[in-house]
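Chain identifiers are assigned alphabetically (A, B, ...) following the order of the sequence lines, protein sequences preceding nucleic acid strands; residue numbering begins at 1 within each chain. Since the structure is predicted, the reported quantities are computational estimates derived from the model, not experimental observations.
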Amino acid sequence: MRTDKTSRPKARLPRGLRDRGPAEIAAERRMLETIRQVYESWGFEPLETPALEYTDALGKFLPDLDRPNEGVFSLKDDDGQWLSLRYDLTAPLARYVAENFQNLPKPFRRYQVGQVWRNEKPGPGRYREFTQFDADTIGSASPAADAELLMMTCDALEALGLKRGEYVVKMNSRRLVDAVLEAANIEPSKRGVVLRAVDKLDRLGVDGVRSLLGKGRKDESGDFTRGADLASDQIELVLAFIQPSISAVSSRFDATWDVAFGASSTDIGEQGQAEIRDAVQIARKCGYSGDQILYDPAVIRGLEYYTGPVFEAQLTFPVANEAGETIIFGSVAGGGRYDDLVARFTGQQVPATGISIGVSRLLSAVRQRSDAALSPLVIVLTMDDSAGSFAMARELREAGLRAEAYVGTRKFGDQLKYADKRGAAIAVIEGADERAAKKVTLKDLKRGAELSKAIESREQWLGERQAQATVDRERLVQEVSAMLKRGRW
RNA sequence: GCAGCUGUAGCUCAGUUGGUUAGAGCGCUGGAUUGUGGAUCCAGAGGUCGGUGGUUCGACCCCACCCAGCUGUACCA
């Protein structure tokens with residue numbers, strides 16, 4: 001094809017999306033498999049739903065407008081109906097449950113993993129496509145269902161190699177928060193602003209939250225954000241409520257009851273306290289300690305659909321970003337109770353609770369500590385006998401190794417370049433000389449690279465034939481295995 | 001959305017107070033080596049200087065607008 005230079009498309013990735021290579025794929029696969037095993041062992045069963053749903057089923061039509069919310073990627077079907085890419089796994093679950101309600105066991109407990117898409121501005125570590133791993137229980141109002149999710153999240157994080165103290169799973173109740181706002185005489189119209197300010201505690205600190213509860217706050221770029229404009233006694237009351245979170249006391253759960261003020265005197269405050277207490281106490285009795293599962297009054301989550309308990313898991317160790325700076329790493333999992341979601345379809349209230357692990361985020365944090373890699377690769381170079389190369393590769397594969405025969409058309413030197421670029425461990429060479437002698441040459445590419453650092457002159461480079469050995473063709477598998485072992489691949 | 005910063009080769013960047021054929025390193029391709037990657041040397045390809053308009057004898061450089069990217073912030077199921 002011939003293209004006019006000006007009409008050629010620019011090869012570029014849409015913003016906020018990314019390509020992923022073998023190392024990350026391997027790491028994610030391992031992570032997903034680990035979580036999956038934990039969730040299945042708890043008796044949750046898998047479910048898959050499509051990436052596209054009708055926009056109205058996702059609940060993302062703009063009010064009054066015949067057009068989807070901008071935050072979702074949408075397209076119009078042939079028949080004029082709007083479809084959207086799912087922005088989480090919970091809305092499709094609600095649709096699925098509503099559609100199959102009769103046939104499902106109640107409580108219905110399922111896990112689901114998949115990509116979700118959000119049409120938002122991407123930032124460092126925030127993409128427009130990412131992977132979530134969800135577990136939800138539909139049809140149980142019991143705190144046992146919430147406790148189970150908290151405990152199972154701990155198990156999953158530990159199965160992924162996190163140690164005690166490297167993570168916390170936090171719980172709060174929106175009912176309790178609402179009761180406190182009421183006790184502080186905060187107008188309902190300011191509820192959203194106040195909650196959002198509290199939610200930013202971990203990122204902006206107490207002073208940031210105080211500014212946002214008051215007049216407002218100016219950020220690093222000089223932009224100004226208006227605050228809730230509360231009276232100072234109201235501000236102090238809210239700050240006192242979230243104090244256990246600020247001071248990071250280890251026994252936050254016990255501190256709850258002292259700081260909830262008159263909140264407990266209202267029904268809603270009582271209820272909020274109870275749902276936290278009951279769930280956390282179940283976890284305690286099951287052996288989950290206060291540094292694993294705890295109450296944190298500053299956990300808020302999204303405003304739209306959570307009705308009571310909210311959950312959030314965080315890492316407690318420092319995480320470096322791409323630039324090598326230590327950053328505050330936000331939550332790696334979040335969720336809560338959403339008792340109204342199924343009712344959107346059926347009109348019936350169905351209690352539901354769930355938690356979602358942000359796999360992409362968790363992966364980027366954990367991968368800095370242990371890099372998963374594919375197993376070492378053996379590449380059989382091809383001189384003049386493709387079938388022979390394939391035969392050797394097959395022998396190696398049958399011995400459980402990862403092996404490929406070179407299928408390009410380039411000359412020998414270039415084949416080695418290829419093997420080098422692929423990061424192969426060993427190149428297998430069988431030319432005319434070897435074949436006549438029933439031998440093969442094995443080249444240890446990693447060791448060869450190390451040895452080459454000492455080479456100074458062209459003559460020396462030409463003369464060297466290091467890090468390789470010629471062995472009997474019959475002993476191919478044994479010799480390759482031995483070389484891999486020696487190189488500690 | 002708001003604010004700040006930045007757009008020069010595939011990548012990272014240099015480019016003097018506005019001056020004629022826009023450079024470097026890395027990468028890429030070829031060669032030194034028709035059976036040796038990784039070292040070294042030689043040669044080569046690769047650019048509408050983000051776009052449009054303006055100022056000027058003359059613009060990569062100055063001005064305006066637009067676009068894109070980055071960072072912060074807002075929103076975030």
Heavy-atom donor-acceptor pair, [X] side-chain to [N] base, under 3.5 Å:
X        : N     : answer
A/Lys121 : B/U71 : yes
A/Lys200 : B/U73 : no
A/Glu434 : B/G35 : yes
A/Arg126 : B/C76 : yes
A/Glu120 : B/A77 : yes
A/Arg118 : B/A77 : yes
A/Lys443 : B/G35 : no

Using the side-chain heavy atoms of [X], tell me which of these nucleotides is nearest: [options].
X        : options             : answer
A/Arg410 : B/C75, B/U36, B/U29 : B/U29
A/Leu416 : B/U36, B/C28, B/G35 : B/U36
A/Leu445 : B/G37, B/A74, B/G35 : B/G37
A/Leu204 : B/U73, B/A77, B/G35 : B/U73
A/Lys417 : B/C2, B/U36, B/G37  : B/G37

[N] [atom2] sits how many Å from [X] [atom1], rounded?
X        : N     : atom1 : atom2 : answer
A/Asp219 : B/G72 : CG    : C1'   : 5 Å
A/Arg337 : B/A77 : CZ    : C1'   : 18 Å
A/Asp136 : B/A77 : CG    : P     : 15 Å
A/Gln112 : B/A77 : CD    : P     : 19 Å
A/Asp223 : B/C75 : CG    : P     : 12 Å
A/Ile426 : B/U36 : CD1   : C1'   : 16 Å
A/Lys218 : B/G4  : NZ    : C1'   : 13 Å
A/Phe73  : B/A77 : CZ    : P     : 17 Å

Within the 4.0 Å heavy-atom criterion, would you say [X] contacts the bases, only the backbone, or no part of the nucleic acid?
X        : answer
A/Ile429 : base
A/Ala427 : nothing
A/Asp414 : nothing
A/Gly431 : base

At under 4.0 Å, does any side-chain N or O of A/Arg203 touch on OP1 or OP2 of B/A74?
yes
Tell me whether the side-chain N/O atoms of A/Arg196 come closer than 4.0 Å to OP1 or OP2 in B/A74.
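For B/A74, OP1/OP2 do not have a side-chain N/O of A/Arg196 under 4.0 Å.
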Look at [X] together with [Y] and state whether they make a salt bridge at an N to O cut-off of under 4.0 Å.
X        : Y        : value
A/Arg175 : A/Asp178 : no
A/Arg435 : A/Asp384 : yes
A/Glu129 : A/Arg20  : no

Would you please say whether a donor-acceptor pair under 3.5 Å links the side chains of [X] and [Y]?
X        : Y        : value
A/Ser331 : A/Gln314 : no
A/Thr441 : A/Gln468 : no
A/Gln112 : A/Thr49  : yes

According to the Watson-Crick and G-U wobble definitions, with both distances under 3.5 Å, which nucleotide is paired to [N]?
N     : answer
B/C2  : B/G72
B/A77 : none
B/C41 : B/G31
B/A64 : B/U52
B/G10 : B/C26
B/U17 : none

Separation of the [atom1] atoms in [N] and [M], to the nearest angstrom:
N     : M     : atom1 : answer
B/U73 : B/A14 : P     : 27 Å
B/U8  : B/C60 : C1'   : 7 Å
B/C65 : B/A9  : C1'   : 28 Å
B/G10 : B/G47 : P     : 7 Å
B/A24 : B/U34 : C1'   : 35 Å
B/G37 : B/G31 : P     : 12 Å
B/G23 : B/G15 : P     : 15 Å
B/A45 : B/A22 : P     : 14 Å

With stacking defined as ring centroids separated by under 5.5 Å and planes differing by under 30°, is A/Tyr305 stacked against B/A77?
no
Closest-nucleotide mapping onto RNA chain B: is A/Tyr306 or A/Ala449 further toward the 5' terminus? I mean the 5' end.
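Looking at RNA chain B, the more 5' nearest nucleotide goes with A/Ala449.
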A/Phe412 or A/Glu220: which one's nearest nucleotide on RNA chain B is closer to the 5' end?
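The residue mapped nearer the 5' terminus is A/Phe412.
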Determine whether A/Phe133 and A/Met31 make a side-chain contact, defined as any pair of heavy atoms from C-beta on separated by less than 4.5 Å.
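The answer is no; the side chains never approach within 4.5 Å.
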With a 4.5 Å cut-off on side-chain heavy atoms, are A/Arg486 and A/Asp444 touching?
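The answer is no; the side chains never approach within 4.5 Å.
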Do the ring planes of A/Tyr111 and A/Tyr39 sit parallel (below 30°), tilted (30 to 60°) or perpendicular (above 60°)?
perpendicular
